[in-house]
Amino acid sequence: MAKPRLLITGGSGLLALNWACAMRATWQVVLGTHRYPVRLDGIESRPLDLEDAARLEGRLAELAPDVVVHAAALTSVEQCEDDPALARHVNAELARNVASVTAARGMYLVHISTDHLFAGDRSHYCEDDAPAPLNEYARSKLLGEEWVRQFHPQALVLRTNFYGWGHARRQSFSDWVLQSLRGGREVTMFDDVHFTPLLADALAVATHRLLDLSAVGLYHLAGDERISKYDFGIRLARAFGLPETLIRRGSVAEAGLQANRPRDMSLDSGRARALLGAGTDGLDEHFQVLRRQEEAGRREELFQAVTE
């Protein structure tokens, strides 16, 4: 029996790469790329133009995916602040193109959103809480959500925060911590910013379970633990046997960042958890998965995956 076909946009990004690795045993995975091709065993990489709906429709007709995961995004908060028009184009207008074309072709769509959408003055935001974006990144992602839900009412829209192995051109948050500590370099991490991070593989597996359950609409799908960036670094260091003493406490209020950021981005994933019948395991369990992935070669495989 042929494997179902999965297309992931933003194919050279951290989430797409790890999602592809998590699903390649059971899905025929195609990574849709814009700038950089990708080379991964058992995974196809194809150029994908999201700019023009007509060209996109032709490509989707050719690729015929059973599920499309729209993971392409401009995620640099500072770059979005510098260029709001670019942020709106990438994070909202391209998402609208993907939503309209996949809806017209009757394709399942998963749209990846963000946990940056709220004011950050409390914890554990749920789907019914009113967004209050503080920066251009958040505003563009919120508009993207709204357009996806308008143009593809049966889409699955997921707000999340993920980590995993990056590649040579783009480090992940966890990569930066691990590589810094392994190099004997001090890192400063905020103890006044909280989030609910989730391992990328766990996000992929939980999403496919939601698809199996015919979930549509908006869900928060993040980690089960609310934690500060500083404590995340400490526990990651412990899991990998690295020196915690190199991690310094810092404050986002003193960091001099251009774009305003929410202090608390933690999400309540109770709606998804109720449907799935379980949570997503804790950070320490996922850190051990991350460590086993490295031992099995995932880190090196992804580091070499994105080429000119």
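The figures here come from the full heavy-atom set of this structure, side chains too, leaving out hydrogens, waters and symmetry mates. Keep in mind the model is a prediction, meaning the values are calculated, not measured.
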Next item on the list: Check whether the side chains of His70 and Thr9 place a donor and an acceptor atom closer than 3.5 Å, and report yes or no.
Entry: yes

Next item on the list: Starting at CD of Gln293, measure out to CG of Asn18 and round the result to the nearest 0.5 Å.
Entry: 6.5 Å

Item checked: Short N-O contact, Arg122 and Asp129, less than 4.0 angstrom -> yes

Margin query: Could you see if Val69 belongs to whatever hydrophobic cluster contains Phe162? Use Ile, Leu, Val, Met, Phe, Trp, Tyr and a side-chain cutoff under 4.5 Å.
Written below: yes

Margin query: Counting neighbours of CZ on Phe240 that are heavy atoms of other residues, nucleotides or ligands and sit closer than 6.0 Å, is the number greater than 12?
Written below: yes

Item checked: Cationic N near anionic O, under 4.0 Å, Lys229 to Asp192 -> no

Check: Can we say Arg271 and Asp128 salt-bridge, meaning some charged N sits less than 4.0 Å from an Asp/Glu carboxylate O?
Finding: yes

Margin query: What's the separation between atom CG in Leu31 and atom CG in Leu40, rounded to the nearest 0.5 Å?
Written below: 6.5 Å

Next item on the list: For the pair Arg88 and Glu136, evaluate salt bridge (charged side-chain N to carboxylate O under 4.0 Å, His left out) and give the outcome as yes or no after the intermediate values.
Entry: CA-CA 8 Å; Arg88 176 188 171 98; Glu136 293 298 335; over 6 Å; no

Checklist line | Phe287 ring center near Phe232 ring center (under 6.0 Å) | finding: yes

Margin query: I'd like to know whether Glu294 forms a salt bridge (charged side-chain N to carboxylate O under 4.0 Å, His left out) with Arg291, so could you lay out the CA-CA distance, the side-chain angles of the two residues, the decisive distance to 0.1 Å, and finally the verdict.
Written below: CA-CA 5 Å; Glu294 181 177 36; Arg291 186 168 183 170; over 6 Å; no

Check: Taking only residues two or more places apart in sequence, or in another chain, which ones meet Phe118 in a ring-ring contact (aromatic ring centres under 6.0 Å, His included)?
Finding: Tyr125

Next item on the list: For the residue pair Trp19 and His208, confirm or rule out a side-chain donor-acceptor distance under 3.5 Å.
Entry: yes

Check: Quick one: side chain to side chain contact (heavy atoms under 4.5 Å, CB included) partners of Glu225, sequence neighbours excluded?
Finding: Arg235, Leu283

Check: Can you get from Leu156 to Leu15 by hopping between Ile, Leu, Val, Met, Phe, Trp and Tyr side chains that sit under 4.5 Å apart?
Finding: yes

Next item on the list: Using side-chain hydrogen bond (donor to acceptor under 3.5 Å, both in side chains) as the criterion, point out the one residue from Glu127, His116, Glu145 that pairs with Arg159.
Entry: Glu145

Notebook entry, point to check: How long is the span from the CE atom in Met189 to the OH atom in Tyr230, to the nearest 0.5 Å?
Noted result: 10.0 Å

Note to self: Assigning hydrophobic clusters by single linkage (Ile, Leu, Val, Met, Phe, Trp, Tyr; side-chain heavy-atom cutoff under 4.5 Å), is Leu276 placed with Leu218?
What the structure shows: no

Check: Between Asp201 and Arg298, does at least one N-O distance fall below 4.0 Å, as a salt bridge requires?
Finding: yes

Checklist line | Arg149, CZ: over 12 other non-hydrogen atoms inside 6.0 angstrom | finding: no

Note to self: Within this structure, what is the CG-OG distance for the pair Leu178 and Ser174, rounded to the nearest 0.5 Å?
What the structure shows: 6.0 Å

Note to self: Assess whether a salt bridge exists between Glu295 and Arg292, defined as any Lys/Arg side-chain N lying under 4.0 Å from an Asp/Glu carboxylate O.
What the structure shows: no

Item checked: Option passing side-chain hydrogen bond (donor to acceptor under 3.5 Å, both in side chains) with Arg226 (candidates Asp268, Thr196, Asp264) -> Asp264

Checklist line | SB check Glu78 Arg261 (cutoff 4.0 Å) | finding: yes

Checklist line | Salt bridge flag under 4.0 Å for residues Glu301 and Arg24 | finding: yes

Check: NE2 of His34: more than 12 outside heavy atoms within 6.0 angstrom?
Finding: no

Next item on the list: Taking atom types as modelled, find out whether Asn135 and Asn260 have a side-chain donor-acceptor pair closer than 3.5 angstrom.
Entry: no

Item checked: Greater than 12 external heavy atoms within 6.0 Å of Arg182's CZ -> yes

Next item on the list: Inspect the contact between Arg273 and Asp224 and indicate whether a charged nitrogen and a carboxylate oxygen are less than 4.0 angstrom apart.
Entry: yes

Check: Is the closest side-chain donor-acceptor distance between Gln304 and His167 under 3.5 Å?
Finding: no

Next item on the list: Linking directly or through intermediates, with side-chain heavy atoms under 4.5 Å: list the remaining ILVMFWY members grouped with Val77, chain and number order.
Entry: Tyr137

Check: More than 12 heavy atoms of other residues, nucleotides or ligands under 6.0 Å from CG of Asp41: is that the case?
Finding: no

Check: Would you call Glu44 and Arg5 a salt bridge, taking side-chain N to carboxylate O under 4.0 Å as the test?
Finding: yes

Check: Got more than 12 heavy atoms from elsewhere within 6.0 Å of CZ, Phe190?
Finding: yes

